[in-house]
Chemist: 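Starting off with a structure, shown below.
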Amino acid sequence: VTEPVPQREREQEKPHGAQHEETIRQRPDQIKSGGAELSEEELKQFDELFRNRLCTSRESICKAMAFCFEKSGAARQISLLLKKLLLESTPGISVDTWIARLYLTSDILFNSQQPGIRNAFVYRDAVERMARAVFKSLGVFSRENFGRMSQERLSSALSIVFAAWTNWGVYDPVFVDELEALFEGRELKSTIPGQQNTEPIDKSESDDQEDTFRAREAVICRVPEGAW
């Protein structure tokens with residue numbers, strides 16, 4: 001009598017393509033809400049773009065940002081990866097790396113307001129939720145690890161980012177002032193209220209076929225003139 005093959009062994013016998021097809025079939029609803037998960041290859045690509053290659057060059061920031069919106073079906077997971085990246089406190093991270101991460105976050109935030117980008121609102125919501133912890137942590141990291149000149153460079157970059165957020169009207173100015181105070185380690189005034197509007201703006205999604213990556217990247221890489 002032939003014994004039945006255990007489920008795990010049957011799965012291992014399936015060709016790689018068949019397993020991939022099953023994964024794809026399970027993802028449509030998750031993709032629509034940004035709740036899909038990155039594959040192992042995509043996670044490696046994230047690390048390469050966000051950790052190994054990211055610098056203050058326009059090209060490297062644009063490629064990392066394009067990844068976020070190309071893979072927006074996994075926007076929630078990418079947001080968590082971004083939060084982990086922005087809360088790092090490992091000594092040795094250069095001021096240029098931190099400035100690049102700030103500019104990247106700001107560019108993601110700007111493009112999250114653009115129409116026609118699937119799940120873009122997820123990123124805006126995620127940045128808002130993580131912002132207090134991120135800027136408080138970054139301020140502590142800066143004071144403990146950077147010299148005066150590096151601290152001034154980081155503060156200057158932050159001022160540009162905060163001014164851009166205020167000009168775009170993406171967050172309430174009082175909320176932006178609170179983030180600046182947290183970074184600087186200043187005691188918050190009791191009169192500062194929380195952000196007035198914390199509800200995500202759910203943009204209607206088009207049912208048309210998604211743009212190709214090249215066309216999408218061209219839109220994503222558009223940055224307001226004079227932002228930095």
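Since this is a predicted model, take the numbers as computed values, not measurements.
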Chemist: Can you check whether Gly139's main-chain N or O pairs, donor with acceptor, with Glu184's side chain at less than 3.5 Å?
Modeler: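 No.
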Chemist: Find the distance between CG (Leu54) and OH (Tyr103) and round it off to the nearest 0.5 Å.
Modeler: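 Going from CG on Leu54 over to OH on Tyr103, the span is 12.5 Å.
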Chemist: Could I get the full list of ring-ring contact (aromatic ring centres under 6.0 Å, His included) partners for Phe162, not counting sequence neighbours?
Modeler: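 If we apply the ring-ring contact (aromatic ring centres under 6.0 Å, His included) test to Phe162, skipping adjacent residues, the hits are Phe135, Trp165.
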Chemist: Under 4.5 Å between any side-chain heavy atoms of Leu138 and Leu102, yes or no?
Modeler: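 Heavy-atom side-chain distance check passes, below 4.5 Å.
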Chemist: List the steps, then state whether salt bridge (Lys or Arg N to Asp or Glu O under 4.0 Å) holds for Asp107 with Arg58.
Modeler: CA-CA 11 Å; Asp107 282 3; Arg58 180 73 258 162; 2.3 Å; yes
Chemist: Return the minimal non-hydrogen interatomic distance between Cys68 and Phe50, and the atom names on each side.
Modeler: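 The pair with the smallest heavy-atom distance is SG-CZ, 3.6 Å.
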Chemist: Step by step, would you call Phe183 with Leu158 a side chain to side chain contact (heavy atoms under 4.5 Å, CB included)?
Modeler: CA-CA 9 Å; Phe183 172 77; Leu158 267 176; 3.3 Å; yes
Chemist: As a quick check of understanding, evaluate side chain to side chain contact (heavy atoms under 4.5 Å, CB included) for Asn145 and Val95, giving each step before the final call.
Modeler: CA-CA 10 Å; Asn145 293 275; Val95 65; over 6 Å; no
Chemist: Sequence neighbours left out, what passes side chain to side chain donor-acceptor pair (under 3.5 Å) with Ser89? Give chain and number order.
Modeler: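 Checked Ser89 against side chain to side chain donor-acceptor pair (under 3.5 Å); zero matches.
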Chemist: On a heavy-atom basis, which atom in Tyr123 and which in Ser72 lie closest, and how many Å separate them?
Modeler: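 So the two residues come closest at OH-CA, 4.1 Å.
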Chemist: Given the rule that I, L, V, M, F, W and Y join up when any side-chain heavy atoms are under 4.5 Å apart, are Ile93 and Leu82 in one cluster?
Modeler: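 Result: yes, single cluster for both.
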Chemist: Are Val140 and Leu86 grouped together when hydrophobic residues (ILVMFWY) are joined by side-chain heavy atoms under 4.5 angstrom apart?
Modeler: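 No: no chain of side-chain contacts under 4.5 Å links Val140 to Leu86.
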Chemist: Let me confirm one number: the CE-CG distance from Met65 to Leu104, rounded to the nearest 0.5 Å.
Modeler: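 Answer for the CE-CG pair, Met65 versus Leu104, is 7.5 Å.
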Chemist: Decide yes or no for Glu128 and Phe175: does some side-chain heavy atom of the first lie under 4.5 Å from some side-chain heavy atom of the second?
Modeler: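 Yes; the side chains approach each other to less than 4.5 Å.
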Chemist: From Leu85 CG over to Arg51 CZ, what is the distance, rounded to the nearest 0.5 angstrom?
Modeler: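 Leu85 atom CG to Arg51 atom CZ measures 5.0 Å (nearest 0.5 Å).
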Chemist: Measure the spacing between CZ of Arg101 and SG of Cys55 and express it to the nearest 0.5 Å.
Modeler: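 Those atoms lie 12.5 Å apart.
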Chemist: Given Val170 and Leu109, is the side chain to side chain contact (heavy atoms under 4.5 Å, CB included) satisfied, shown in steps?
Modeler: CA-CA 8 Å; Val170 65; Leu109 186 59; 3.9 Å; yes
Chemist: Can you give me the closest heavy-atom contact between Lys71 and Glu42, atom names plus distance?
Modeler: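 Scanning both residues, the minimum pair turns out to be NZ-OE2, 3.3 Å.
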Chemist: Can you hop from Met130 to Leu87 via hydrophobic side chains spaced under 4.5 Å?
Modeler: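 Met130 clusters together with Leu87.
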Chemist: Considering all heavy atoms of both residues, which atom of Gly73 and which atom of Asn119 are nearest to each other, and what is their separation?
Modeler: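 In terms of heavy atoms, the two residues are closest at CA-ND2, 3.9 Å.
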Chemist: Do the side chain of Glu180 and the main chain of Val176 share a donor and acceptor less than 3.5 angstrom apart?
Modeler: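 No: the side chain of Glu180 does not pair with the backbone of Val176.
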Chemist: Would you check, one step at a time, whether the test side chain to side chain contact (heavy atoms under 4.5 Å, CB included) holds for Tyr171 with Arg124?
Modeler: CA-CA 10 Å; Tyr171 294 135; Arg124 178 196 178 278; 4.0 Å; yes
Chemist: Evaluate Glu40 against Lys44 for salt bridge (Lys or Arg N to Asp or Glu O under 4.0 Å), listing each step before the verdict.
Modeler: CA-CA 6 Å; Glu40 289 186 10; Lys44 291 179 181 178; 5.5 Å; no
Chemist: Any chance you could measure Leu81, atom CG, to Arg76, atom CZ, to the nearest 0.5 Å?
Modeler: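 It is 14.0 Å, given to the nearest 0.5 Å.
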Chemist: If you look only at distance, which donor and acceptor atoms sit under 3.5 Å apart when one is on a side chain in residues 148-157 and the other is two or more places apart or in another chain?
Modeler:
{"residue": "Arg148", "atom": "NH1", "partner": "Glu152", "partner atom": "OE2", "Å": "3.1"}
{"residue": "Gln151", "atom": "NE2", "partner": "Phe146", "partner atom": "O", "Å": "2.9"}
{"residue": "Arg153", "atom": "NH1", "partner": "Asp96", "partner atom": "OD1", "Å": "3.4"}
{"residue": "Arg153", "atom": "NH2", "partner": "Asp96", "partner atom": "OD1", "Å": "2.4"}
{"residue": "Ser155", "atom": "OG", "partner": "Gln151", "partner atom": "O", "Å": "3.0"}

Chemist: I need the Gln45 CD to Leu43 CG distance, nearest 0.5 Å.
Modeler: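 Spacing of CD (Gln45) from CG (Leu43) equals 10.0 Å.
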